[in-house]
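Notes follow once the structure below has been shown.
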Amino acid sequence: MTATDTYLLLRAFCDELARSGMEHACTSPGSRCTPIVMSLVADGRIRCWSHLDERCAGFFALGAAKASGRPVAVTCTSGTAAANLVPAVIEARWAAVPLLVLTADRPAELREVGAGQTIDQLKLYGNAVKWFFEVAADDATPARLRWARTLACRAYWTALGGRPGPVHLNFPLREPLTLDQPLPEDDTARADSRPYVIVEPPARPNAAEGPGPHPSGRLLIVAGAGTPDPAALAEFAARARIPLLADPLSGARRGPAAIAHYDLLLRDPAFAAGHRPEFLFRVGDLPTSKPLRAWLASLGDVPQIAVDPDGDWQDPDSVVGMRIRSALPTPEQIATEPGWLDAWAGADAKVADAIDSELHRADLSELLVARRLLDLVGGDAILFIASSMPIRDVETFLPAGDELPLTLANRGANGIDGTVSSAFGAAAATGRPVLLLIGDVALAHDIGGLLAARRLELGLTIVLLNNNGGGIFEFLPVALLGDAFEEHVATPHGLDFAKAAALYGCTHELVRDLVELEDAVRRSVRSAGAQIIEVRTDRRGNEALHRTLTEQARAALRPGR
Ligand SMILES: Cc1ncc(C[n+]2csc(CCOP(=O)(O)OP(=O)(O)O)c2C)c(N)n1
Ligand SMILES: [Mg+2]
């Protein structure tokens, strides 16, 4: 086989990815991957985003696929380069994101014989991928070209179909790795722009409105990330008068049935005991909230039905008694107890008032930022929320809204890694303004992701909550362990992020109050490039403020208030 064979097969492969619907790919440098990179770049329909760090490339592709809902390819050279994609592949597995990993490898004769930069890449990502396939290095006969086309369609739709997830194709590539003559025509493609294999798109069932169990009484819905058609679910809940406990990642925290402060409500034992449902629907992933999870686990015989079209089996406490593929009943088919939604909504409003009056008094805090996020950006923006306290605070304090921004997070495996890159990927794939809310450790972890601002000319508004370490650990018993806790768990770093911003060509601004924050975010969302807007906070003060607010919320729920 010659370079012409290699490039003909890869051109057919990329042609089919584009015909199937792929719009974005991430490349990373190397020699062995040259044919894959050049073939992707040569295809004008696929926008190629160049990265020099494969870990960033993987997470960028993940963010792009997550925001667009379409497969995004990421390619890299052989050796540890491929291993650097592991975290993104794992996140894609657990968050059900269609990622197409195209690793370059040496051919069989150069494996396990001391050839450089050669590791065992077969099934490198183990069970994390939906499909692994070792692609042959072959002559570009018409039969092989048709096969390459089929392979691309199959990889694309395997990543996207059913429960989406990552697919890994390993490409053994023989030298020469660059072309020395123009590529001949290939007439194996289908007419027009049709893909070689048309695959029926997976039917995404609507969670609301259809046949299903017909319960009555005190009904409740819990909605998490991956909720299909969240607007329809919110409307259904409002019409059927069912309290809707909606994680912001569900997209359903909207409308009159949305109960935004369930985390605080359920921290109150009296409220939790007095508001047990008789029947509960769970849609999408389980929210992060610990009190909610504990409460769901404690509901005993209350029937819990999971709307679970992808067979996800999210049920850490083994309490779900029925799984349905789609469709809650219609509002006409059920009878919710009169006053039940009002009881939840009334309590929710009381807690909201308590939070707002307390936060109003306090200085700019991590909680206040989470509370006011919807005021900072418009409905066309995307919120990307980092793991650790940002995601928890947004779940606890973000009010319900009408014009909800798409809210994304890497919550498949809850890592703090790759967050900056994923947020840039979301911006790249959608062209929409993205606000990333992130802690200092997570930002330091993916500081290299900032390179996308200048190299890829992408915009991003980064609201950095800098409490000099992992503030989340202040809430855990480990915080009592003194110096060892500080050094090894909280990990304060003393980084000056203004210098990081300068290094990576971003702007940096320290804001001290809400007015400055709102002003900085408004300017940032309108401008090009990436801005780091830093809010300095204190880990212990943050923990104390959480306690105060929990107490205030509980006080607001006392009878007679
Ligand atoms: C890759 C990875 N390593 C370690 C962890 C454990 N971890 C969870 S939260 C956290 C600290 C994050 O700190 P920061 O981003 O500053 O957020 P804060 O806790 O201050 O809100 C760590 C290390 C993780 N989730 N992912
Ligand atoms: Mg921190």
Side-chain angles (χ1 to χ4, degrees), residues 53-56 58-60 62-63 83-95 128 225 248-249 263 288-290 364-371 373 383-398 409-423 435-450 460 462-479 481 484-497 500 510-511 532-547 549:
D53 177 330
E54 291 78 11
R55 196 172 71 168
C56 295
F59 275 108
F60 186 101
L62 178 94
N84 271 283
L85 295 177
V86 167
V89 171
I90 288 176
E91 173 61 22
R93 156 70 178 86
W94 294 103
L249 297 178
D263 181 278
T288 299
S289 163
K290 256 192 189 169
L364 185 55
S365 61
E366 299 180 27
L367 282 61
L368 187 58
V369 175
R371 182 91 183 138
L373 270 186
L383 296 177
F384 207 103
I385 314 293
S387 288
S388 203
M389 288 315 289
I391 192 71
R392 288 175 170 77
D393 285 345
V394 166
E395 183 181 10
T396 306
F397 296 106
L398 192 81
N410 285 343
R411 294 303 286 170
N414 299 1
I416 56 161
D417 43 349
T419 318
V420 175
S421 300
S422 292
L435 185 151
L436 168 64
L437 183 67
I438 189 167
D440 47 291
V441 177
L443 178 57
H445 207 291
D446 193 26
I447 200 80
L450 290 177
L460 185 64
I462 301 173
V463 175
L464 164 64
L465 302 171
N466 186 1
N467 54 23
N468 196 25
I472 193 169
F473 300 120
E474 299 291 341
F475 294 79
L476 303 180
V478 69
L481 299 185
F485 162 75
E486 211 34 36
E487 181 180 352
H488 296 282
V489 184
T491 60
H493 43 74
L495 285 172
D496 179 354
F497 286 98
L510 191 64
V511 294
I532 298 179
I533 300 168
E534 179 170 345
V535 179
R536 294 239 174 99
T537 64
D538 171 72
R539 281 185 269 129
R540 298 218 172 96
N542 180 48
E543 190 269 335
L545 184 57
H546 272 85
R547 245 183 302 123
L549 276 172

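When a ligand or atom number is given, it counts from 1 through the structure's own listing order. Quick caveat, the model's predicted, so the values are computed rather than measured.
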Taking L443 as the fixed residue, which of D440, I447, V441 is the one that meets the side-chain contact (heavy atoms from CB on, under 4.5 Å) rule? I447
Keeping [X] on the side-chain end and [Y] on the backbone end, is there a donor-acceptor pair under 3.5 Å?
{"X": "D446", "Y": "S421", "value": "yes"}
{"X": "N468", "Y": "H493", "value": "yes"}
{"X": "T491", "Y": "H488", "value": "no"}

Heavy-atom nearest neighbour of atom 15 (O) of ligand 1 within options P492, G415, A442: A442
Out of N410, I416, N466, who is nearest to atom 5 (C) of ligand 1 when you count heavy atoms only? I416
Is it true that the side chains of N542 and E474 contain a donor and an acceptor less than 3.5 Å apart? no
Answer yes if the side chains of E395 and S289 hold a donor-acceptor pair under 3.5 Å, and no otherwise. no
Do [X] and [Y] touch side chain to side chain, with heavy atoms closer than 4.5 Å?
{"X": "V463", "Y": "I438", "result": "no"}
{"X": "V369", "Y": "L465", "result": "yes"}
{"X": "F384", "Y": "L435", "result": "no"}

Closer than 2.8 Å to the Mg ion (ligand 2), how many protein N/O/S atoms do you count? 3
salt_bridge(R539, E486) N-O dist < 4.0 Å: yes
Heavy-atom closest pair (G415 atom, S387 atom, distance to 0.1 Å) is O-OG, 3.1 Å
Which residue and heavy atom of the protein sit nearest [atom], plus the separation:
{"atom": "atom 7 (N) of ligand 1", "answer": "F473 CZ, 3.8 Å"}
{"atom": "atom 21 (O) of ligand 1", "answer": "M389 CB, 3.1 Å"}
{"atom": "atom 20 (O) of ligand 1", "answer": "G471 N, 2.7 Å"}

Any N or O of [X] closer than 3.5 Å to N or O of ligand 1:
{"X": "E366", "value": "no"}
{"X": "D440", "value": "yes"}
{"X": "D417", "value": "no"}
{"X": "S388", "value": "yes"}

Indicate, as side chain, backbone, both or neither, the part of L465 found under 4.0 angstrom from ligand 1 when only non-hydrogen atoms are considered. neither
Applying a heavy-atom cut-off of 4.0 Å, say which part of V441 lies close to ligand 1: side chain, backbone, both or neither. both
List ligand 1 atoms under 4.0 Å from N414, heavy atoms only on the residue side. 25 (N)
Should you measure from each heavy atom of G470, which atoms of ligand 1 turn up under 4.0 Å away? 11 (C), 13 (O), 19 (O), 20 (O)
So how far is it from N467 CG to S365 OG, rounded to the nearest 0.5 Å? 12.0 Å
Hey, does P390 sit under 4.0 Å from ligand 1 if you only count heavy atoms? yes
Would you check whether P87 reaches within less than 4.0 Å of ligand 1, judged by its heavy atoms? no
Please lay out, stage by stage, how E91 and R93 fare under the test salt bridge (charged side-chain N to carboxylate O under 4.0 Å, His left out). CA-CA 5 Å; E91 173 61 22; R93 156 70 178 86; over 6 Å; no
